[in-house]
2 protein chains.
Amino acid sequence: MKFSLRQLEAFQATANSGSVTQAAKRLGVSQPAVSRLLADFANTVGFELFERESGTLTPTSEARYMLTEVSRVFESLNHLEDLRRDLKERTAGHLRIACLPGFATSHLPKVLTEFLDQRPGVTVTLEPDRPERILEWIIGQQYDCGITDGFSGHPATETIDIPIKTACILPEDHPLAAKDVIAVQDLRDEKIIHSRRDSPFHAALMHCFDQKGVPLNSWIEVRQFTAACTLVSQGYGASIVSALDAAQFEGRGLVSRPFEPDLSHELSILRPITGAQPLLVLDFIETFVESLQPFVHESQKAIA
Amino acid sequence: MKFSLRQLEAFQATANSGSVTQAAKRLGVSQPAVSRLLADFANTVGFELFERESGTLTPTSEARYMLTEVSRVFESLNHLEDLRRDLKERTAGHLRIACLPGFATSHLPKVLTEFLDQRPGVTVTLEPDRPERILEWIIGQQYDCGITDGFSGHPATETIDIPIKTACILPEDHPLAAKDVIAVQDLRDEKIIHSRRDSPFHAALMHCFDQKGVPLNSWIEVRQFTAACTLVSQGYGASIVSALDAAQFEGRGLVSRPFEPDLSHELSILRPITGAQPLLVLDFIETFVESLQPFVHESQKAIA
DNA sequence: GCTGATATATAACATTTTGTTATATAAAGT
DNA sequence: ACTTTATATAACAAAATGTTATATATCAGC
């Protein structure tokens, strides 16, 4: 026959208080209840637990040995309960995030530090890489959450698309910096730094220029908006980039102005489709989306 | 609401086997029993524990965290059970023995090593000292068991008296060594090494000599039989000592012969009077008494 | 899509554990 | 001796845990 937790509780409480009656009070039950738990426990362990000594109950030497081990049991149970609470409150766990390199260095760290500040038990793996790899990792469930762009959907992923405002960035000392809004026509004679020709965003940009009959004076093709920002901040050319990236470089050698027409850049947050989502991941995504609010293209907001 | 051990068992078994049905088999109960335990557990912890994934049940990331802690709980329970068994089988615990110096060096170590060999978890404190101190320590319950002699009883101690045979010891090359039995008369011209004049044993010895009208040729008074043995083994005098001590020195420069009349020396095993005796102590005393059998004065054996 | 096999959940009820109150017993203080 | 206090026991109520029977969902193969 195996002993029960309740018996251990009664045993410990009685040993610590030196009396069955006190133990009953401490456990919030009646005295006979404890009395019987102790009797049952003594039966299952096979030797006497207490000796009566002028009023007080003293544990036998055997019982004293058991007591230290019993408290170890309760300690581990308390640890388990603490962990359960932390997991429920989402203050414990591990988060694996894959993202575009641009995010890993600028916006994401800010969001993460605040997120982790409130979750002392949470740890994070942050892996910056190319969009194709990010998708692979999400599908393979190596990561809980992916942040990418120009993403067209995949059946094994749950996606949230967020249209981010775009901005025209110019070197600080550029004459156009005087204008409040930069239109396509303003850029007729500028050398343009732009993203890859096969990217959806570049296609949209081309379309704008075409519509106004303005030739796009292509100068440098970059893979990432951050690269464009760096180039412009060095004083070379102009570019139309995500407002998110532009904000990171504001005041570091470039100025950012609204772009006309009101283009948007699709940011995608991916997660693997699995039955039960780690609650922590949903929590993080919520926080992250929240952090993007200042940059969201309001008129195109399509997602709840 | 608190979770129960049973719920933890069901949780662990299900996670490890990947199926409720398997878990039920492992726990030796019906499948619906496990089903409900899991449901209850999920309710109390407050989040999902498993996700169904093409046939097999996989623990959620939260559940995976809990699992390591859960096994820690069961580990501590197993430790407790092991300890309980060891205590019950008397293979764990601590034994505090106070004894006369003579025992600490000769007979007792032999008994103890055998005793401890069979009890891997048992540790011993062995403290040799004077009889008065031994009694104090037993009364004060600093020690579980005392081995002394010339003891006349004390209300706070439980005592076992054992009459030990005595022997006459002589230097190896002594003429009397030729005899099989040494009688009082044989010692008329010998220099006698004997115990303290105020000891009960010395009184008994004097009585023997008086009865036969033989003068006791007192030469050296020693506190302990072992001291007498050492002196005799160096070739000086003769002595009547406990057969126990004589046996330790046999073949080390002295010979031991039965003494006539058939004197006995009272050995006492003391333990504090407390409600419940550590079972290990009773065990040890039994072993110790057993080890004394070859030296017990049969005709005076009074104790069960 | 249908069908049988398999796994899990639910319902209804039996058993065991744990609680209760009432009361007997034993020890301690006056 | 008498009261107080602590503990044990008995009889029974509530809760936890088990059972069997059965409904429901999922998957493999047709």
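Remember, predicted model here, so these are calculated numbers, not experimental data. By convention in this document, chain letters (A, B, ...) are assigned in the order of the sequence lines, proteins followed by strands, and residues within each chain are numbered from 1. All heavy atoms count here, side chains included; hydrogens, waters and symmetry mates do not.
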Any side-chain to backbone donor/acceptor pair from [X] onto [Y]? Under 3.5 Å, distance only.
| X | Y | answer |
| --- | --- | --- |
| Ser71(A) | Leu67(A) | yes |
| Ser291(B) | Phe288(B) | yes |
| Thr60(B) | Glu48(B) | yes |

Measure the distance from [atom1] on [X] to [atom2] on [N] and round it to the nearest whole Å.
| X | N | atom1 | atom2 | value |
| --- | --- | --- | --- | --- |
| Leu5(B) | dT18(C) | CG | C1' | 15 Å |
| Leu38(B) | dA7(C) | CG | P | 16 Å |
| Lys25(A) | dT5(D) | NZ | P | 10 Å |
| Leu57(A) | dA8(D) | CG | C1' | 12 Å |
| Phe50(A) | dA8(D) | CZ | C1' | 15 Å |
| Asp40(A) | dT18(C) | CG | P | 8 Å |
| Glu51(A) | dA6(D) | CD | P | 20 Å |
| Phe3(A) | dT18(C) | CZ | P | 13 Å |

Is the shortest side-chain N/O distance from Ser19(B) to OP1 or OP2 of dA7(C) below 4.0 Å? no
Answer yes or no: does a side-chain N or O of Ser4(B) lie under 4.0 Å from OP1 or OP2 of dA16(D)? no
Plane angle bin for [Y] and [X] - parallel if under 30°, tilted between 30 and 60°, otherwise perpendicular:
| X | Y | answer |
| --- | --- | --- |
| Phe11(A) | Phe41(A) | tilted |
| Trp137(B) | Tyr143(B) | tilted |
| His107(B) | Phe103(B) | perpendicular |

If we fit an axis to the first five pairs and another to the last five of the helix from dG1(C)-dC30(D) to dT30(C)-dA1(D), what angle do they make, to the nearest 10°? 30°
Judged by nearest nucleotide, the residue sitting upstream toward the 5' end of DNA chain C, Val20(B) or Arg6(A), is Val20(B)
Hey, are the side chains of Leu80(B) and Phe3(A) touching, using non-hydrogen atoms and a 4.5 Å cut-off? yes
Salt bridge (Lys or Arg N to Asp or Glu O under 4.0 Å) between Glu75(B) and Arg72(B), worked out: CA-CA 5 Å; Glu75(B) 248 174 61; Arg72(B) 221 161 272 152; 6.0 Å; no
Could you run down the sub-3.5 Å N/O contacts of the protein with nucleotides 20-23 of chain C?
| residue | atom | partner | partner atom | Å |
| --- | --- | --- | --- | --- |
| dT20(C) | OP1 | Ser30(A) | N | 3.4 |
| dT20(C) | OP2 | Ser30(A) | N | 2.6 |
| dT20(C) | OP2 | Ser30(A) | OG | 2.5 |

Between Arg84(B) and Glu81(B), does at least one N-O distance fall below 4.0 Å, as a salt bridge requires? yes
